[in-house]
Amino acid sequence: LKTLCDGTSGVMMYMEIQEGKVRMNRKKWHQQHGATTACTLRCLEESGHAQKDRRPEEREPRTCGGDSWFAGLRTTRACDEEFGIKFIGPVKTNTKGFPRDAIRHTLHGTPRGTHIVFEERDPQDEKTGVYAIGWNDHWYKGFITNFGSVAAGKPANKKRQRTEDGRNYFTPVARPSNLEHYYEIAGYVDRHNRYRQSMLRLHKIWK
């Protein structure tokens with residue numbers, strides 16, 4: 001299943017059963033955007049979050065936070081172009097058009113909590129509103145987004161353990177505000193997936 005969860009209430013909004021490569025390639029949006037982006041767009045459309053079909057006074061600011069399976073430059077652009085929905089997510093394998101090597105090179109040797117921002121521009125040197133964020137959190141993390149601010153946000157409290165007595169403590173790690181928002185909402189889908197697949201094992205029950 002590919003799932004969409006509300007980042008405020010934690011309610012599961014939509015679940016799409018994955019039916020194999022051939023069937024999934026016949027589904028809506030695939031021809032225009034490819035498999036990963038098409039799946040993201042279907043989840044947003046079926047859950048009723050599209051904003052572009054609404055009158056301007058009825059539109060609400062919406063942001064989709066996707067994990068590394070969903071996140072990429074194509075998905076970030078398509079969510080905004082098709083539905084007027086912003087996107088943020090970590091980039092790991094879908095790196096086309098993403099400056100991964102430049103982020104790693106620039107962050108090398110910087111203190112933990114350092115972040116840098118790359119800005120996409122079109123051939124006329126105009127801003128597109130899409131940003132690549134590099135964040136040094138012991139290892140280098142890359143995020144793509146067209147949402148929020150890259151100014152300093154609330155630090156992340158990282159749990160650590162003292163070697164001398166084994167007691168836990170927390171150390172703050174600086175991060176930008178849009179990454180703060182991403183980590184606030186990211187856990188809801190993981191919780192549902194764990195309950196559904198691991199604890200309840202619903203995939204063994206549903207027919």
- Note on the structure: When rounded to the nearest 0.5 Å, the distance separating CD of Glu164 from CD of Gln161 is 10.0 Å
- Message: Counting only heavy atoms from other residues, nucleotides and ligands, does the tally under 6.0 Å from NZ of Lys2 exceed 12?
- Response: yes
- Message: Please report the interatomic distance NZ(Lys141) to CD1(Ile133), rounded to the nearest 0.5 Å.
- Response: 13.0 Å
- Message: Given 3.5 Å as the limit, does a donor-acceptor pair link the side chain of Glu19 with the main chain of Met24, or not?
- Response: no
- Message: According to a hydrophobic-cluster definition based on side-chain heavy atoms being under 4.5 Å apart (Ile, Leu, Val, Met, Phe, Trp, Tyr only), do Tyr131 and Ile103 belong together?
- Response: no
- Message: For Lys28 versus Ala38, what's the shortest heavy-atom pair and its separation?
- Response: O-CB, 3.8 Å
- Query: Would you say the side-chain atoms of Ser47 pair up with the backbone N or O of Leu44, donor to acceptor, closer than 3.5 Å?
  - Reply: yes
- Could you tell me whether a side-chain N or O of His203 sits under 3.5 Å from a main-chain N or O of Leu1, the two making a donor and an acceptor? no
- Item | Rounded distance [0.5 Å steps], CZ in Arg26 versus NZ in Lys21 | 13.0 Å
- Decide side-chain contact (heavy atoms from CB on, under 4.5 Å) for Cys64 and Phe70; before the verdict, give the C-alpha distance in whole Å, the side-chain angles of both, and the deciding distance to 0.1 Å. CA-CA 10 Å; Cys64 174; Phe70 297 92; over 6 Å; no
- Query: Out of curiosity, does Phe118 fall in the hydrophobic cluster containing Val150 (side-chain heavy atoms, cut-off under 4.5 Å, transitive links)?
  - Reply: no
- Message: Please find the pair of heavy atoms, one from Thr3 and one from Asn193, that lie closest to each other, and give the distance.
- Response: OG1-OD1, 3.6 Å
- Item | Cluster overlap Leu179 with Ile185, hydrophobic side-chain contacts below 4.5 Å | no
- Go through the steps to decide whether Thr110 and Asn136 satisfy the test side chain to side chain donor-acceptor pair (under 3.5 Å), and finish with yes or no. CA-CA 7 Å; Thr110 60; Asn136 186 353; 3.1 Å; yes
- Query: Considering all heavy atoms of both residues, which atom of Leu73 and which atom of Ile144 are nearest to each other, and what is their separation?
  - Reply: CA-CD1, 3.4 Å
- Does any N or O in the side chain of Arg194 come within less than 3.5 Å of the main-chain N or O of Met199, such that one atom is a donor and the other an acceptor? no
- Task: Give the C-alpha distance, both sets of side-chain angles, the deciding distance and a yes or no for side chain to side chain donor-acceptor pair (under 3.5 Å) between Trp29 and Glu82.
- Result: CA-CA 10 Å; Trp29 303 110; Glu82 300 290 353; over 6 Å; no
- Should the heavy atoms of other residues, nucleotides or ligands under 6.0 Å from CZ of Arg167 be counted, would the total exceed 12? no
- Task: Assess whether side-chain contact (heavy atoms from CB on, under 4.5 Å) is satisfied between Tyr188 and Asp6, documenting all intermediate values.
- Result: CA-CA 8 Å; Tyr188 284 116; Asp6 179 70; over 6 Å; no
- Query: Angle class for the Phe147/His181 ring planes (parallel below 30°, perpendicular above 60°, tilted otherwise)?
  - Reply: tilted
- Which residue, Met13, His192, Arg191, Met15, forms the side-chain contact (heavy atoms from CB on, under 4.5 Å) with Cys5? His192
- Message: Can you tell me how the ring of Trp135 sits relative to the ring of Tyr183, calling it parallel under 30°, perpendicular over 60° and tilted otherwise?
- Response: tilted
- Task: Check whether Val117 and Ile88 end up in the same hydrophobic cluster, where Ile, Leu, Val, Met, Phe, Trp and Tyr are linked by side-chain heavy atoms less than 4.5 Å apart.
- Result: yes
- Message: Could you measure the distance from the CD1 atom of Ile85 to the CD atom of Glu60? Nearest 0.5 Å is fine.
- Response: 10.5 Å
- Query: What's the verdict on side-chain contact (heavy atoms from CB on, under 4.5 Å) for Arg104 and Arg100, showing C-alpha distance, side-chain angles and the deciding distance?
  - Reply: CA-CA 6 Å; Arg104 290 177 175 176; Arg100 179 183 60 179; 3.8 Å; yes
- Message: Under a 4.0 Å threshold between the charged nitrogen and the carboxylate oxygen, would Glu16 count as salt-bridged to Lys27?
- Response: no
- Item | Side-chain (Thr114) to main-chain (Pro111) donor-acceptor, under 3.5 angstrom | yes
- Exam field: side chain Ser177 to backbone Ala152, donor-acceptor pair closer than 3.5 Å: no
- Message: I'd like to know whether Phe143 forms a side-chain contact (heavy atoms from CB on, under 4.5 Å) with Asn178, so could you lay out the CA-CA distance, the side-chain angles of the two residues, the decisive distance to 0.1 Å, and finally the verdict.
- Response: CA-CA 10 Å; Phe143 288 78; Asn178 44 16; over 6 Å; no
- Value rounded to 0.5 Å, distance of CZ in Arg74 from CD in Glu81: 11.0 Å
- Glu120 with Arg77: basic N within carboxylate O range, under 4.0 Å: yes
- Do the non-hydrogen side-chain atoms of Tyr182 and Thr145 ever get within less than 4.5 Å of each other? no
- Query: Do the side chain of Arg175 and the main chain of Lys154 share a donor and acceptor less than 3.5 angstrom apart?
  - Reply: yes
- Query: Taking all atoms of both residues into account, what is the closest heavy-atom pair of Cys79 and Phe87, and its distance?
  - Reply: SG-CD1, 4.2 Å
- Query: If you count the non-hydrogen atoms of other residues, nucleotides and ligands that lie under 6.0 Å from CD1 in Ile17, is the total more than 12?
  - Reply: no
- Task: Output the distance between atom NE2 (His33) and atom OG1 (Thr40), rounded to the nearest 0.5 Å.
- Result: 10.5 Å
- Query: If you group Ile, Leu, Val, Met, Phe, Trp and Tyr by side-chain heavy-atom gaps below 4.5 Å, do Phe83 and Tyr14 land in one group?
  - Reply: yes
- Message: So which atom in Lys158 and which in Arg112 form the shortest heavy-atom distance, rounded to 0.1 Å?
- Response: CG-NH2, 3.4 Å
- Message: For Gly66 versus Pro90, what's the shortest heavy-atom pair and its separation?
- Response: O-CD, 3.2 Å
- Tell me, yes or no, whether the heavy-atom count around Arg23 atom CZ, taken from other residues, nucleotides or ligands under 6.0 Å, exceeds 12. no
